Number of protein chains: 2
Amino acid sequence: MELTDRQKQILRAIVDIYVSTAEPVGSKAVAALPDVSCSSATIRNEMAELTQMGLLEQPHTSAGRIPSPAGYRLYIDELMQDYRLSLDETRSLNEALELKSQEFDKMMSQVGKLVSKMTDLPAYTVATRRSEAVAKHFDLIMAGPGSIILVLMLSDDQVKNKLIKLPVSVSESDLKLLAAVLNASLTDLTAEEITGELLEKITRSAGPASPLAPLVMDFTLECLRQQHGDVHLTGQMRLLGQPEYKDAAEKAQEVFETLDEDMISNLPAVLPKDGPVQFLVGPENVAKELKDTSVVMMRFDIGEGMQGTIGVVGPTRMDYAKITAKLGYFAENLGKMFQKGGTAAPPALTDGTDASDKE
Amino acid sequence: MELTDRQKQILRAIVDIYVSTAEPVGSKAVAALPDVSCSSATIRNEMAELTQMGLLEQPHTSAGRIPSPAGYRLYIDELMQDYRLSLDETRSLNEALELKSQEFDKMMSQVGKLVSKMTDLPAYTVATRRSEAVAKHFDLIMAGPGSIILVLMLSDDQVKNKLIKLPVSVSESDLKLLAAVLNASLTDLTAEEITGELLEKITRSAGPASPLAPLVMDFTLECLRQQHGDVHLTGQMRLLGQPEYKDAAEKAQEVFETLDEDMISNLPAVLPKDGPVQFLVGPENVAKELKDTSVVMMRFDIGEGMQGTIGVVGPTRMDYAKITAKLGYFAENLGKMFQKGGTAAPPALTDGTDASDKE
DNA sequence: ATTGGCACTCAGAAGGAAAGAGTGCTAAGC
DNA sequence: GCTTAGCACTCTTTCCTTCTGAGTGCCAAT
C-alpha cells in the first residue's frame with residue numbers, strides 16, 4: 001500500500017520531532033509546523049491510519065505517537081532528508097581529524113573517540129580484512145646477544161614484529177639462512193596451507209637457527225588468522241546521556257553486555273556490498289537485548305585488502321540523518337588520508353571547507 | 001587520639017557490612033555479629049563517639065552510620081584484613097590468565113578486560129616508562145619497489161615499525177648506508193638530544209636515501225616521547241551495577257568524563273615508591289567529580305625500564321580487601337610472565353604495532 | 001561501665017486526588 | 001466527500017498526605 005504525500009510528510013515530521021524531543025508526538029505539534037496546512041483533527045485521522053499500517057505506535061491510549069521500527073525503516077529508506085553539516089560542524093570535524101599518532105591502531109582508536117565525541121554517542125572502529133592474507137616478507141634482525149627481532153610483512157601491507165629472546169645465541173649468517181628459507185617456503189601461503197609438515201621441512205633446512213622456526217610460524221599463524229584488527233569501542237557512557245537510558249542504567253549495561261567487541265567485529269559482515277552505509281534499526285538487530293538500540297555503520301577504505309568501519313550506537317530514536325552526515329564526512333576524509341598516506345596532518349582537510357560546500 | 005580495640009572492631013565491622021549491603025549500618029546489625037559481645041546500646045554509644053571523631057557519618061538523623069572517607073582510610077591503613085582468595089576464585093583467575101595474544105598492547109588490553117570482569121568494576125591497565133628511552137637499533141628493510149620498512153628497537157625492549165612508501169625507489173645498498181648512519185648517530189640519544197642540526201648532518205651523509213631521514217627521525221621522536229603506552233580502560237558500564245549509580249546515571253557519566261585516559265595515564269605518578277598498591281579514596285582524588293569514587297592501583301613489573309599498572313575504579317564503598325587481593329594476584333603472575341619473557345607463551349615486550357599507513 | 005526501655009525523628013512507601021495532554025468520534029462547514 | 005471544531009473520555013504524571021518502621025539518643029536500672 002502506498003502512502004500519500006501528506007502521510008509521508010506527517011511521518012517524516014513525527015520522526016523528526018520525536019528524534020529531537022524524545023517525547024511522543026501529538027497531533028497538535030505536527031499541525032503547528034509551518035509547512036503543514038491542515039488542522040490537528042486531520043492529522044489525527046492520518047495518524048490513526050499510519051498506526052493502522054504499523055508505521056506508528058502509541059505508548060498508551062492517550063499519548064501521542066512514536067515511530068515504530070517499520071516507521072524508522074521507511075523514514076531511513078525513503079523520507080530522510082540529507083543533513084547538511086553546518087560550517088561550525090565541518091570546522092570542528094576538521095580540527096578533530098588532525099590525528100596525532102602515526103601508528104595505525106592508535107589512529108583507529110583516536111578516530112573512534114572522535115566520532116563518539118562528535119556524535120555524543122558510543123562509537124566504534126574496526127578494520128577488517130577483505131580477503132585472506134598471506135605473508136609477503138620475513139626478516140630477522142639481530143638485536144643483541146640472544147635477542148632477535150622478527151619482522152613480518154603481510155599482503156595487506158600490515159607490518160608486524162616480535163622480539164624473540166633465546167637462551168642460546170645465533171650467528172648473523174644463520175639468521176640470514178633462516179630468513180631466506182622462510183621467504184622461500186612460507187610466503188604467499190594462507191593460514192590453512194601452513195601445515196605441520198611444512199614446519200618440519202623448514203626446521204630441517206634452517207640450520208643452526210632452527211629453534212626459531214616454530215616461534216616464527218606460531219606468530220605468523222596468529223597474524224594471518226586475525227580476520228580483523230582490534231575493535232575500538234569508546235564512549236559507552238554517552239549512551240546514558242540519552243533520555244531513554246536516564247533512569248534505566250541496567251538497560252544500558254545490557255546493551256554493551258550483548259554488543260561486545262566480538263559481536264561488533266562481526267557486524268561489518270552484515271554490511272551489503274552496495275553502499276557504504278548501513279542501518280540496523282532496533283529489532284533488526286539479532287539480539288533481543290538490542291531491540292531498542294540502533295547502529296549506524298559506515299565503511300571506508302584503508303588501502304590494500306583492508307577496509308575500515310566506523311559505527312555509532314544509539315537508541316532507536318536517533319538522528320539518523322545527522323549521524324549519517326557526520327559519519328560520511330569522517331569516512332570520506334579518512335579514506336583520502338589512508339590513500340594518500342598520512343604522515344602529517346591531513347593537508348587537504350585543514351583549510352576548513354570542503355569542496356562540496358562550494359556554491 | 002587512639003581508638004580502643006572495641007572501637008576498632010566496630011569500625012571494621014561497619015565498613016565490612018556497609019561494603020556488602022550498601023545500606024547504612026545500624027547498631028543492631030553490629031551487635032548481632034557473632035564476635036561482638038555487647039549490646040546494641042553500647043554499640044550506639046561507641047558509634048556516637050566514632051562519629052564525633054569523624055570516622056563515621058550519618059546520612060540523616062535517624063539512619064544508621066556509614067564510614068566517612070577518613071574512616072575508609074583508617075580501615076585501609078590499619079584495620080583491613082587480608083582477603084584470602086577462595087580456591088574457586090584462584091581457579092578462575094588462573095583460567096583467565098591464559099592470554100591469547102602475543103602482542104603486547106593486546107595483552108594489556110586483555111588483562112584490563114579480565115580484571116574488570118573478575119572484579120565486576122571498571123578497570124584499566126597502562127604501561128609506563130620508568131626512565132627516559134633511547135633508540136637502540138635501527139633497521140631498514142626493502143619490502144618492494146618504493147616500500148621500506150623501518151624497524152626501531154628502543155632501550156626498553158619495545159620494537160616499533162613503520163611502513164614507508166616513497167615515490168622513488170632506493171637501492172638496497174643505499175638503505176644499508178642510511179641504516180648505518182642512523183645507528184651511528186641516532187642511537188643512545190634522548191628525545192631532547194635529537195635536534196634539527198643533527199637531522200641536517202644525517203641527511204648530508206645519508207646519500208641517495210636521504211629523503212627517508214626526516215621521516216625516520218619524526219617517527220623516532222614520536223616513539224621516544226611516548227611516556228606511557230595506551231591506556232586500556234574497559235568495563236565502564238560495570239560501574240552502573242553498583243547501587244550508588246543505579247539511579248544516577250549522570251554521576252557515572254561524570255566520573256568517566258573526569259577520569260579519562262589522560263588522567264589515568266598520570267595516576268601511576270601518584271604511586272609512592274614504597275609499595276605496589278595504592279588507594280585513592282574519594283575526596284583524596286584531585287577532582288571533585290570523583291569525590292564518591294575510589295581507585296585501587298597495583299604496580300607490576302614488565303622487563304627493562306617499563307612498569308605496568310592495573311587499576312580498578314569503583315564507588316568509595318568498595319571491597320578494598322577483595323579487590324586488593326585479586327589485583328595482587330594478577331600483578332604477581334603478570335610480573336612472572338613478563339620476567340620469564342623468554343621464548344615461550346607470554347613473550348617479552350613485543351610491540352605488534354602494524355604500520356599500514358602509507359607514505 | 002553496660003544494658004533494657006522508651007520517646008522521638010525522619011526517609012521512604014502507599015494511597016488518592018487533581019491536572020493535563022492527547023485521543024476518537026460526531027456533527028457541522030466548505 | 002474531505003476537513004475541521006468541539007467534546008467526552010482515557011491514562012499518565014504529579015503532587016499531597018498519611019503511615020510505617022528503622023534507628024537514634026538518653027535515662028534509669030543493673
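Quick caveat, the model's predicted, so the values are computed rather than measured.
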**OP:** Check whether any side-chain N or O of A:Thr324 sits under 3.5 Å from a backbone N or O of A:Tyr320 as a donor-acceptor pair, and report yes or no.
**Re:** yes

**OP:** Hey, which sits more toward the 5' end of DNA chain C by its nearest nucleotide, B:Asn45 or B:Ser62?
**Re:** B:Asn45

**OP:** Hey, which sits more toward the 5' end of DNA chain C by its nearest nucleotide, B:Arg44 or B:Pro59?
**Re:** B:Arg44

**OP:** When you get a sec, tell me which of D:dA5, C:dT3, D:dG25 is the closest nucleotide to the side chain of A:Ala41?
**Re:** D:dA5

Original post:
The side chain of A:Gln58 lies closest to which of these nucleotides: D:dG25, C:dT23, D:dC11?
Top reply: C:dT23

Original post:
Is it the case that more than 12 heavy atoms not belonging to B:Asp77 sit under 6.0 Å from its CG atom?
Top reply: yes

Rounded to whole angstroms, how far apart are [atom1] on [X] and [atom2] on [N]?
X	N	atom1	atom2	result
B:His60	C:dT9	NE2	C1'	9 Å
B:Ile66	C:dA11	CD1	P	14 Å
A:Glu23	C:dT23	CD	P	14 Å
B:Ile43	C:dT3	CD1	P	9 Å
B:Lys28	C:dG5	NZ	C1'	12 Å
B:Glu49	D:dG25	CD	C1'	15 Å
A:Glu57	C:dT23	CD	C1'	17 Å
B:Ile14	D:dT24	CD1	C1'	13 Å

Original post:
With sugar-phosphate meaning primed atoms plus P, OP1 and OP2, does A:Ser40 contact a base, only sugar-phosphate, or nothing at under 4.0 Å between heavy atoms?
Top reply: nothing

**OP:** Compare side-chain N and O positions of B:Thr42 against OP1 and OP2 of C:dA1 and report whether any pair is under 4.0 Å apart.
**Re:** no

Original post:
Does A:Thr61 put a side-chain nitrogen or oxygen below 4.0 Å from OP1 or OP2 of D:dC11?
Top reply: yes

**OP:** Locate the shortest heavy-atom distance separating B:Gly282 from B:Thr316; write the atom from each residue and the value.
**Re:** CA-OG1, 4.1 Å

**OP:** Establish, from distance only, whether the side-chain atoms of A:Tyr75 and A:Asp16 form a donor-acceptor pair under 3.5 Å.
**Re:** yes

Subject >> Electrostatic pair A:Glu289-A:Lys251, nearest N-O below 4.0 angstrom >> reply: no

